[in-house]
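Computation of the quantities below employed the complete heavy-atom set of this structure, encompassing side-chain atoms and omitting hydrogens, waters and symmetry-equivalent molecules. Position 1 is the first residue of the sequence; numbering continues from there.
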Amino acid sequence: MTLNEILIIGLGAAMAGAMNSVAGGGTFFSFPALLAIGVPPVVANASNAVALWPASLSGAYAYRRELARFRVGLPALTVVALVGGVAGGILLLSTRDDTFSKLIPWLLLVATVMFAGSGRIAALLARMRQQAEAGPSHASAGGLLFQLGVSVYGGFFGAGMGIVMIAALAIQGHRDIHDINALKNWLSAVIYSVAVVTFVAAGAVSWPHTLVMLTTAAAGGYWGAVGARRIPAIWLRRFIIAVGTTLTVYYFSTTYLQ
C-alpha cells in the first residue's frame, strides 16, 4: 500500500467507527474507501466486515444484562442468525467481482433508504414502548423466517442491517426498546462473527488493509463516543444520508451509464 492508500482507508475506517458509535451507517465510509483504492469488491466487503467486527462484540457485551431475560427465545434467534450469517457469507464468496460490482449501487440504495427511514421506525418503537407488556416476548415462526432473511443480508453485505433487524424484532412482538437493542446487538454480533470466520477461512480478507482499518476504526469509535455527542444527532444522520445518496448516485452512474 502507498501512503495515500493508507490515509484513504484509515480515514474511511475512522469515520465508520465514529459514525457507528453515535448514529450507525459506518459502512458508507469504510467500504467505498476500499473500493476507491482498487480493492476488488468481494475482498473489500469481506475485509470491511472483519475491520468493523470488534465493535459488534462490544455492543453485544454492553447489553448482557438485558439478554438474560430471553433464555427461552434467544437460542432459536441465535441459531437463525448463525445459519443466515454463514449463508450470506458463502453467497458473497460465490459471487463474482463483476456481478457484485453491479449489485453495489442497489445495495447502497437499499441501505440508504433503510437508514433514512430509521427515524420513523424509532418513532414507532417509542409508541410501542408506551404499550409494552410485562415481560419479554418470544420469536414466532414468521418472525424467525424474517430474521433469517435479515441475517442472510447481513452476512452478504451488512450496511443498514441494524435498521432492518429493529423492524424484524418489532414485527416479532418485542415492545421494549432496550430489549430490542439488546437482541439487535447480540444477533448482529453473531452474524458478523460467523461471516468473518467464513471470510477468513476462505482467504477472502486482505489483511494489510484490514489491520489498518481495525486500528483506525477503534480510534474513530472512541472519538465518536467522546466527542461527536456534542454534534446534534439529526445533523449526523443527515450527513450519513447525504453520503449514502451521493455514493448511490455515483455507483449507479459509473456502473450503468458508462
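Cluster annotation: V42 is connected to Y153 through the hydrophobic network of ILVMFWY side chains, with a link wherever side-chain heavy atoms come within less than 4.5 Å. Hydrophobic clustering, with ILVMFWY side chains joined whenever heavy atoms are under 4.5 angstrom apart, keeps V243 apart from I8. L67 and I191 end up in the same hydrophobic cluster when Ile, Leu, Val, Met, Phe, Trp and Tyr side chains are linked at under 4.5 Å.
Within the 4.5 Å cutoff, no side-chain heavy atoms of L52 are placed close to those of M213. Counting heavy atoms from C-beta outward, F146 and V80 have side chains that stay 4.5 Å or more apart. Residues V83 and S151 have side chains not in contact (no heavy-atom distance under 4.5 Å, counting atoms from C-beta outward). Looking at W207 and V200, their side chains come closer than 4.5 Å, going by heavy atoms from C-beta outward. Looking only at side-chain heavy atoms (C-beta outward), L183 and L74 come within less than 4.5 Å of each other. Put simply, the side chain of L107 reaches to within 4.5 Å of the side chain of F100, judged on heavy atoms. With contacts defined as side-chain heavy-atom distances shorter than 4.5 Å, the pair I6/H209 does not qualify.
When all heavy atoms of A16 and G26 are compared, the pair lying nearest together is CB-O, 3.1 Å. Taking all atoms of both residues into account, the shortest heavy-atom contact from P41 to I104 is CB-CD1, 4.0 Å. Counting all heavy atoms, side chain and backbone alike, L35 lies closest to A44 at CD2-CB, 4.0 Å. Contact record, P54 with L214: CG-CD2, 3.7 Å, taken as the closest heavy-atom pair. Nearest approach of P32 to L247, heavy atoms of both residues: CG-CD1, 3.5 Å. Shortest non-hydrogen contact noted between N45 and L92 is ND2-CD2, 3.3 Å.
For residues 26-36, every residue pair satisfying the side chain to side chain donor-acceptor pair (under 3.5 Å) rule, not counting sequence neighbours, is listed here: S30-N48. Listed by first then second residue, pairs satisfying side chain to side chain donor-acceptor pair (under 3.5 Å) with a partner in residues 74-84 read T78-W186, not counting sequence neighbours.
Separation of the Y251 and Y256 ring centroids does not fall under the 6.0 Å cut-off. For Y192 and F199, the gap between ring centers reaches or exceeds 6.0 Å. Taking the six-membered ring for Trp and the full ring otherwise, the centers of F28 and F239 sit at least 6.0 Å from each other.
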Residue pair T216, L11: steps toward the side-chain contact (heavy atoms from CB on, under 4.5 Å) verdict: CA-CA 7 Å; T216 57; L11 179 61; over 6 Å; no

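Side-chain contacts under 4.5 Å among hydrophobic residues (ILVMFWY), followed directly or transitively, place V249 with no other residue at all.
Without hydrogens or angle criteria, T198 side chain to G89 main chain gives no donor-acceptor distance under 3.5 Å.
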